[in-house]
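Model, not experiment: these values are computed from the prediction. Values below: every heavy atom of this structure, side chains too, minus hydrogens, waters and symmetry copies.
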Amino acid sequence: MKGRRKVFQPCLVSLQEAECAYILFVIATFWITEALPLSITALLPGLMFPMFGIMSSTHVASAYFKDFHLLLIGVICLATSIEKWNLHKRIALRMVMMVGVNPAWLTLGFMSSTAFLSMWLSNTSTAAMVMPIVEAVAQQITSAEAEAEATQMTYFNESAAQGLEVDETIIGQETNERKEKTKPNNPHKVFSYLQNTVTGAKYRSKKDHMMCKLMCLCIAYSSTIGGLTTITGTSTNLIFSEHFNTRYPDCRCLNFGSWFLFSFPVAVILLLLSWIWLQWLFLGFNFKEMFKCGKTKTLKEKACAEVIKQEYEKLGPMRYQEIVTLVIFIVMALLWFSRDPGFVTGWSVLFSEYPGYVTDSTVALVAGILFFLIPAKKLTKMTSTGDIIAFDYSPLITWKEFQSFMPWDIAILVGGGFALADGCQVSGLSSWIGSKLSPLGSLPVWLIILISSLIVTSLTEVASNPATITILFPILSPLAEAIHVNPLHILLPSTLCTSFAFLLPVANPPNAIVFSYGHLKVIDMVKAGLGVNILGVAVVMLGMFTWIEPMFNLHEYPSWAPDIVNQTMP
């Protein structure tokens, strides 16, 4: 670097580490404040690294397209077909019908179906799809209860009128008593119902309002929790996976199957605890009512069941396009799981001559191409003689439909993160950060994990999830290496906690979607989200020291990570 003339030098210290730190600071500031669109900010490494002489433009550009992008393309092809042919709606409604219509079980049914869909679709599209169904069910519940009370009052008034005809003398005394007893109850409810009907008020009672809040938050949180279970479930999982495999190429321990095995218990436990927490917070938790057998359904429960049944019947019988999409979806998931499961030999041994060449993105691309090849329907035309002939076919998805679903902004954002990580490594900033953080090695490992998880959870509330993991990965990796701790021990919980953006409507898109329906206030989300955040960090910490630790041998420093401590020893 000596003799290099500085044409553009805003940094006072003429070291590459300082220049890269300056670029990292600028980009992180833009990402957190969102002064520019996230994807535009992600292009800054391509501009600033060559200007500072850290990396050539060609080197930076090569970082913007990785294996991650091929995997993303295949997954988006699947998501496009699922949503185009309404397979996601059929799955959601069927799962809700299976669990029943008791309010507590109903919310659990919505949470389970939403979480399952979020494993394969983006959390944004999942929340946007399920919320209209939830809103229809909530409105039907309210109208059914109002109708029931109006019917009861009509019957009450008719009975009173018949009593007047039978005995005018006796009724004089009984009517006065009845008025005194019923004045605070039924007449007030009828007046309240009529008043709500005239004024257009949303809720008949506080309980109805609480029910709407509960169902909204269940959808928002479960769409995020479900995405934890698969590498393709959230963009943060994909970003971490690509960053990790790039920094530690000799570690072949992270794939679709291994990720699912360690994260699925985390998601299930967190989903159940979140359901209990939200149920208790808004409606109370009555175990006796929930598990009562042979109980006659209330009018509210019958209304829920009717709405869900009607929505399902509107879909009609399962069509050919849905069946083909479902088959490709199942085959793709099975191929992901069985490629290299770890506990048995996977099908990747068929390509043992080229180890590491076939990845999850290979499976995703094969499935994605099939959606463009398999015909969905024939295109016909009428000839001059009046005959109808087939002249072409329409595939399951078209390129235009794929483009409308493809999140190009995320693709660019992730590419910018890869370029930033490469710059930190080339400039020596990663090693410098690691050397400065090495004193933290005196702290217990569990405390380091807890502190990093809390920092990530707090930062992700005000910054986007992809930006958070992209900023922190170049810091946390050198930290683990400097204190001689298995990098997965710190990176896995931090990655999972990056998705815990439950506090604010602006924290992630599902929160904003449910907030837009008008049932929630910010304080509702803060109270509920704070509890789910605490539960999330606690479940992740529990997992790291129970079933996850033996899966990846986290108690040992791996051979695939650089041994900085021993290298620096004389």
Side-chain angles (χ1 to χ4, degrees), residues 66-72 74-75 78-79 115-123 223-271 329-330 332-344 346-348 356 358-364 367 414 449 453 456 465-466 469 473 476-477 486-500 536 539-554 558 560:
K66 299 276 190 179
D67 185 64
F68 156 84
H69 295 87
L70 299 178
L71 179 61
L72 182 64
V75 170
L78 170 66
F116 176 78
L117 291 173
S118 186
M119 291 168 62
W120 316 101
L121 307 175
S122 72
N123 55 8
S223 64
T224 298
I225 294 170
L228 300 175
T229 56
T230 60
I231 285 183
T232 59
T234 65
S235 57
T236 53
N237 294 355
L238 281 168
I239 293 169
F240 163 74
S241 175
E242 186 62 31
H243 272 301
F244 185 84
N245 290 329
T246 301
R247 187 176 180 90
Y248 307 109
D250 295 332
C251 175
R252 296 190 177 95
C253 52
L254 275 184
N255 54 49
F256 193 92
S258 62
W259 184 281
F260 183 84
L261 288 176
F262 89 78
S263 62
F264 184 73
V266 173
V268 170
I269 295 171
L270 181 56
L271 192 75
F329 165 54
I330 293 172
M332 185 168 73
L334 290 176
L335 288 174
W336 271 338
F337 279 114
S338 60
R339 181 176 66 85
D340 188 15
F343 53 90
V344 293
W347 58 263
S348 60
V358 177
T359 63
D360 289 333
S361 63
T362 310
V363 177
V414 174
I449 297 173
S453 298
V456 169
N465 298 354
I469 190 67
F473 187 91
L476 295 177
S477 297
N486 191 318
L488 287 172
H489 220 153
I490 294 178
L491 295 176
L492 285 182
S494 299
T495 302
L496 294 178
C497 289
T498 306
S499 296
F500 295 164
V539 172
V540 169
M541 291 289 294
L542 173 67
M544 290 308 300
F545 292 97
T546 50
W547 67 86
I548 299 177
E549 188 173 49
M551 281 183 62
F552 299 105
N553 292 323
L554 298 182
W560 44 259

* To do: Return yes if some donor-acceptor pair links the side-chain N/O of Thr230 with the main-chain N/O of Met119 below 3.5 Å, else return no.
  => yes
* Asked: Can you tell me how far the OG1 atom of Thr495 sits from the CG atom of Leu238, to the nearest 0.5 Å?
  -> 11.5 Å
* Of all residues at least two apart in sequence or in a different chain, which pass the side-chain contact (heavy atoms from CB on, under 4.5 Å) check with Ser361? -> Asp67, Leu70, Leu71, Thr359
* Asked: Taking Thr362 for the side chain and Val358 for the main chain, is one N or O donor matched with an acceptor at less than 3.5 Å?
  -> no
* To do: Over 60° means perpendicular and under 30° means parallel, so classify the ring planes of Phe116 and Phe329, tilted if in between.
  => perpendicular
* Is there a side-chain contact between Pro487 and Ser477 (heavy atoms, below 4.5 Å)? -> no
* Which residues pass the side-chain contact (heavy atoms from CB on, under 4.5 Å) test with Thr234, sequence neighbours left out? -> Thr236, Asn237, Ser499
* Heavy-atom side-chain contact between Phe500 and Val540 under 4.5 Å -> yes
* **Under the side-chain contact (heavy atoms from CB on, under 4.5 Å) test, residues paired with Val539 that sit two or more places apart** => Val266, Ile269, Leu273
* Go through Phe262 and Trp259 one step at a time and tell me if the ring-ring contact (aromatic ring centres under 6.0 Å, His included) criterion holds. => CA-CA 6 Å; Phe262 89 78; Trp259 184 281; 4.9 Å; yes
* Asked: Can you tell if the side chain of Ser338 reaches within under 4.5 Å of the side chain of Ser348, non-hydrogen atoms only?
  -> no
* Side chains of Leu254 and Phe552: closer than 4.5 Å at any heavy-atom pair? -> yes
* To do: Step by step, work out the side chain to side chain contact (heavy atoms under 4.5 Å, CB included) result for Leu492 and Phe240.
  => CA-CA 9 Å; Leu492 285 182; Phe240 163 74; 3.9 Å; yes
* To do: Before giving the answer on side chain to side chain contact (heavy atoms under 4.5 Å, CB included), spell out for Asn465 and Ser235 the whole-Å C-alpha distance, their side-chain angles and the decisive distance to 0.1 Å.
  => CA-CA 8 Å; Asn465 298 354; Ser235 57; 5.5 Å; no
* Which distance, rounded to the nearest 0.5 Å, do you find between the CG of Leu261 and the CE of Met551? -> 5.0 Å
* Asked: Does the ring center of Trp560 lie less than 6.0 Å from the ring center of Phe244?
  -> yes
* Output all residues satisfying side-chain contact (heavy atoms from CB on, under 4.5 Å) with Pro265, sequence neighbours left out; order by chain, then residue number. => Trp547
* **Reported CD1-to-OG distance for the pair Ile469 and Ser494, which is rounded to 0.5 angstrom** => 7.0 Å
* Evaluate the side-chain proximity of Asn255 to Ser258: yes if any heavy-atom separation is below 4.5 Å, no if none is. => yes
* **Any donor-acceptor pair under 3.5 Å from Ser118 side chain to Gly226 backbone** => no
* Rounded to the nearest 0.5 Å, how far apart are OG1 of Thr232 and CZ of Phe256? -> 5.0 Å
* **Side-chain heavy atoms of Arg339 within contact of Trp347, under 4.5 Å** => yes
* **Sequence neighbours excluded, every pair satisfying salt bridge (charged side-chain N to carboxylate O under 4.0 Å, His left out) that has a member inside residues 234-249** => Arg247-Glu481
* Measure the spacing between CD1 of Ile225 and CG of Leu270 and express it to the nearest 0.5 Å. => 4.0 Å
* Is Cys253 close to Leu488 at the side-chain level, that is, under 4.5 Å between some pair of heavy atoms? -> yes
* Where Thr229 and Ser263 come nearest, the two heavy atoms and their spacing -> O-OG, 3.0 Å
* Structure fact -> Hits for ring pair (Phe, Tyr, Trp, His ring centres under 6.0 Å) against His489, two or more places apart or cross-chain, chain-then-number order -> Phe545
* To do: Nearest 0.5 Å please: distance from the CG atom of Leu476 over to the CD1 atom of Ile449.
  => 11.0 Å
